[in-house]
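Below, chains carry the letters A, B, ... as their sequence lines are ordered, and counting in each starts from 1.
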Amino acid sequence: MQRTMVKDALGAPGPVPRMTVQGWIRTRRDAKGFSFLEVNDGSCRANLQVIVNADCPQYERIAEFTTGSAVEATGELVASQGKGQAWELRAAGLVLVGAADDAYPLQKKRHSLEYLREIAHLRPRSNLFGAVFRVRSRLSFAVHRFFQERGFLYVHTPILTASDCEGAGEMFRVTTLDPADPPRTEDGKVDYSEDFFERPAYLTVSGQLEAEIFACSHSNVYTFGPTFRAENSNTSRHASEFWMIEPEMAFCDLQGDMDLAETFIKELIQDSLEHSGDDLAFFDEFVDKGLLERLRFVLDRPFHRLPYTEAVEILKGSGESFTYPAEWGAGLQSEHERFLTEKHFKCPVSVYDYPKSIKPFYMRTNDDGRTVAAMDVLVPGIGEIIGGSQREERLDVLDAGIAAHGLNPDDYWWYRELRRYGSVPHAGFGLGFERMLMFLTGVGNIRDVIPFARTPGNVDF
RNA sequence: UGCUCGGUAGCUCAGUGGUAGAGCAGGUGGCUGUUAACCACUUGGUCGUAGGUUCGAAUCCUACCCGAGCAGCCA
C-alpha cells in the first residue's frame, strides 16, 4: 500500500484507478444509501471528499466515522459529480484507524482563538492553524534559502549563556541548584560556584554578540533559533520563547544593514506569495481582508527611511493628540510608530540614528556624538519587526560606552578583543520570526503563530 | 507590572433583582450528490471561586482565580 497525500490527490492530472489516502475526518454528510467523508491530512487546506456507497463493506458502520476520527480510504479517484471539488475518492475499502468520540473538542464550526489555544494539541487540525503552521514551515525554509543563496554562514549560537547581552531584557536563570536549599557563601548569598557552570547561567536573549565573532571570521553570517525573555509582558506581540533571525555582516555600515533588512522582508513576502498562496488566500478571506493587497503593496514600494530626529519632528507637527507627546531623547511609543507607518507614510518605515542615551552600549556612536547608528523597521499593524544597528568597532569608544552604561569591561573581554585584533565596521539586526508571520498571515496574536506559546504563567504542552 | 473589558450548556453567545435561554455539537426519526448539508423532536447547567447585601442574586458589592485588549519592556 502506497499512501497518496490529499494535496497530490486533489492535484491529480486525471482519474486514478486505485489509491489510498489517510487522514482525519473533518465532517461527514449522510445521504440516502451513501455518505460523504471530508478527509484532511494536513498536506493542504482542502479536504478530499470520499464517497462511501452502500456497497462499501464499512458502510453499515458509517456512524462510527465521526468528526475527528482517523481513517484510511482506498478506492478510485474520479471526477466529482458535485460542485466544489474536481476530484473525489470512491471508497472500495475503508478503515477506522482511530475513532474519536463525541467529546472531540474541535467541532465543525467557528471556535474562538482563545479556546483553540487551550487545546493546542488539537488546533493544528483546524483550518486556520493548519494554514498557519504550513506557512511557518515554508517561511523557515525561505529564511535559510535567502541567506544561503547569498553565501551567509549559518551559525548555531549558544542557548545557554553567561552573558546577558545588555539591554535585551530579563533573563531566565538556568541552574541545577536546589532552590529550597542552595549552597551559601559565608555572607549568606547563594554560592553559584557550586552550580553546574560554576557561575550564574541563563537562557540566551540574543545570539548577536556571538554572531559578531563569526562575522569577524566568515564575513556574512546569520543565526536562526529560539530566544528567551523573562519579561512580564502581556501583549499580543510578545512571547517568553520566540524565534529570532540575526544576520551579522562584516565590512558593512548602517545603510547596508537597512538594505539587507528591506530586501530580506520583501523576499520573504515574495516566497510566501509564491509557495503559500493557498494559505495566504485563506487568511485574506477569513482573517484579514486586504492582506494580499497589502503584501503586494509592500513588495512593490521602497520602505521609507528617515532619521529619528526627523520622525520626532513629523510627530510633533502632526496635530495628533498622543497620550505621550513625542520628545527628542525619548523612545518612540507604540502610538508614534503606528502613526508613522499606518497613517503618515502608510508603508514600512525604517527609522535610524536614535539618541545614544536610549540604546545599548554596543551600537556605533555617530559623528554628532549624541546619536547611534541604530535602526528599527516598523510595519503597519505590528510595529517594530526588526531592530538593528551598526556595531561600535572602535575599542576606545566601545570602552567609553561600557563605562557609561556601568558595565564591567572584564565581562566583555572577548567582545573587546574583537576590536583589538582586526576590527572592522560591521552591522546586523534581529528579525522576530513570529512577528514576520503575523505580518504575513494577518493573525493578530503572537500566541497563534507559534505551535506552543510560552507567556507569563503559561508553559502548557 | 498598570489600566480596561470579560468568565452562563461540550462550543459560540443572549439574559442586568423575581421559575436558567438560543444556535451549533450530541441523541432519535426523516429527507436529499451533499458542501460548516437540511427538517422535526430531544438530552444537556453548582451561571469562574469564596464571602457579603436582599424576602429573593447569573444579575448588586468585596476579595481572589482565569482569559483578553491596551500600555511599558522588545523581536
Side-chain angles (χ1 to χ4, degrees), chain A residues 26-38 46-53 63 66-68 78-85 88 90 100-119 122 126-127 165 167-171 205-208 224 226-246 261 286 322-324 330-338 358-360 376-379 382-388 429-439 444-450 455-458:
Chain A
R26 285 294 176 82
T27 181
R28 188 187 81 234
R29 292 181 292 273
D30 297 322
K32 190 157 207 167
F34 65 102
S35 288
F36 301 96
L37 294 182
E38 294 274 351
N47 308 318
L48 179 65
Q49 177 162 287
V50 176
I51 311 297
V52 187
N53 279 312
T66 52
T67 298
V78 299
S80 178
Q81 295 174 25
K83 293 172 183 171
Q85 60 280 318
E88 63 189 21
R90 295 191 160 273
D101 65 46
D102 58 23
Y104 182 60
L106 248 193
Q107 295 172 11
K108 46 186 180 185
K109 56 167 284 192
R110 194 190 148 273
H111 290 287
S112 70
L113 295 173
E114 292 80 9
Y115 171 67
L116 290 166
R117 269 172 224 149
E118 294 169 6
I119 51 168
L122 296 172
S126 67
N127 286 328
C165 199
E170 293 296 309
M171 306 183 79
V205 292
S206 167
Q208 179 203 314
F224 182 12
T227 308
F228 307 89
R229 305 266 167 99
E231 299 289 349
N232 190 6
S233 296
N234 291 290
T235 79
S236 54
R237 58 192 192 285
H238 289 87
S240 312
E241 176 184 282
F242 64 98
W243 286 62
M244 187 156 63
I245 298 138
E246 296 178 288
F286 294 106
F322 295 114
T323 309
Y324 299 92
L332 296 181
Q333 301 282 319
S334 283
E335 57 182 341
H336 301 150
E337 297 179 349
R338 270 206 306 278
I358 58 171
K359 290 294 183 182
D376 285 350
V377 178
L378 313 176
V379 130
I382 290 162
E384 184 178 345
I385 197 167
I386 279 179
F429 62 79
L431 171 81
F433 185 62
E434 283 78 15
R435 288 190 181 174
M436 186 65 204
L437 264 171
M438 292 169 72
F439 183 64
N445 196 309
I446 197 168
R447 286 162 251 194
D448 298 325
V449 295
I450 190 165
T455 52
N458 195 340

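- B:C13 and B:G21 make up a base pair, with Watson-Crick or G-U wobble contacts both under 3.5 Å.
- B:G23 and B:G17: their C1' atoms are spaced 28 Å apart (whole Å).
- Here the side chains of A:F228 and A:V205 are not in contact, with every heavy-atom distance at 4.5 Å or above.
- Within the shown strands, nothing qualifies as a pairing partner of B:U54 under the Watson-Crick or G-U definition with both distances less than 3.5 Å.
- Expressed to the nearest 0.5 Å, how far CD1 of A:I382 lies from CG of A:L437 amounts to 9.5 Å.
- Between the CD1 atom of A:I382 and the C1' atom of B:A75 there is a distance of 11 Å, rounded to whole Å.
- Here B:A71 sits opposite B:U1 as a Watson-Crick or G-U wobble pair (both hydrogen-bonding atom distances under 3.5 Å).
- Between the P atoms of B:G69 and B:G27, the separation comes to 35 Å (whole Å).
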* Structure fact -> Readout for nucleotides 63-71 of chain B: B = base within 4.0 Å of protein heavy atom, S = sugar-phosphate only, - = neither; 5' to 3' it is ----SSSBB
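- For A:R28, the salt bridge (Lys or Arg N to Asp or Glu O under 4.0 Å) test picks out A:D30, with sequence neighbours left out.
- Spacing between atom CG of A:L106 and atom P of B:G10 amounts to 17 Å, rounded to whole angstrom units.
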Pairs: protein N or O with nucleotides 4-9 of chain B N or O, under 3.5 Å:
none

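- To the nearest whole angstrom, the two C1' atoms, one in B:G44 and one in B:G26, are 9 Å apart.
- Atom CZ of A:R229 is separated from atom CD of A:E241 by 12.5 Å, given to the nearest 0.5 angstrom.
- Residue contacts shown for A:I446 include a base, since a base heavy atom lies under 4.0 Å away.
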* How does protein reach along nucleotides 28-40 of chain B, written 5' to 3' as B (base within reach of a heavy atom under 4.0 Å), S (only sugar-phosphate), or - (no contact)? -> ---SBBBBBB---
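- Taking each heavy atom of A:I386 and A:L431 in turn, the nearest pair found is CG1-CD1, 3.3 Å.
- Here, B:A37 and B:C66 have their C1' atoms 38 Å apart, quoted to the whole Å.
- When the C1' atom of B:C74 is taken as reference, atom NE2 of A:H336 falls 17 Å away, rounded to whole Å.
- One atom, OH of A:Y115, and another, P of B:C11, lie 6 Å apart when rounded to the nearest Å.
- Rounded to an integer number of Å, the gap from NE2 of A:H111 to P of B:G23 is 18 Å.
- Between A:T227 and the phosphate of B:A75, there is no side-chain N or O to OP1/OP2 separation shorter than 4.0 Å.
- Annotation: B:A22 and B:U8 have their C1' atoms spaced 13 Å apart (nearest Å).
- Summarising the geometry, the separation between CZ on A:R229 and C1' on B:C74 is reported as 6 Å, rounded to the nearest angstrom.
- Not a single side-chain hydrogen bond (donor to acceptor under 3.5 Å, both in side chains) links A:E337 to another residue, sequence neighbours left out.
- Using P as the reference atom, B:G2 and B:C64 are 11 Å apart when rounded to the nearest Å.
- Annotation: side-chain hydrogen bond (donor to acceptor under 3.5 Å, both in side chains) contacts of A:E88 (sequence neighbours excluded): A:Q49, A:S80.
- Across the strands present, B:G6 finds its partner in B:C66; the criterion is a Watson-Crick or G-U wobble pair with both atom distances under 3.5 angstrom.
- Separating the CD1 atom of A:I119 from the P atom of B:A25 is a distance of 17 Å, rounded to the nearest angstrom.
- B:A20 and B:U1 are spaced 39 Å apart, taking the C1' atom of each and rounding to whole Å.
- A:N445 pairs with exactly one of A:E434, A:M438, A:R117 by the side-chain contact (heavy atoms from CB on, under 4.5 Å) rule, that one being A:R117.
- Going from atom CD of A:E384 over to atom P of B:G72 covers 11 Å, rounded to whole Å.
- Between the side chain of A:T66 and the main chain of A:A100, a donor-acceptor pair closer than 3.5 Å is present.
- The main-chain N or O of A:Y115 is found under 3.5 Å from a side-chain atom of A:S112 such that the two form a donor-acceptor pair.
- One C1' atom belongs to B:U49, the other to B:G7, and the distance between them is 11 Å to the nearest Å.
- Pair assignment for B:A36: none, as no Watson-Crick or G-U wobble contacts are both less than 3.5 Å.
- Side-chain atoms of A:Q107 never come within 3.5 Å of backbone atoms of A:P105 as a donor-acceptor pair (strictly under, hydrogens ignored).
- Between the side chain of A:E231 and the main chain of A:E170, a donor-acceptor pair closer than 3.5 Å is present.
- Panel note: side chain A:R26, backbone A:K108; no donor-acceptor pair is recorded below 3.5 Å.
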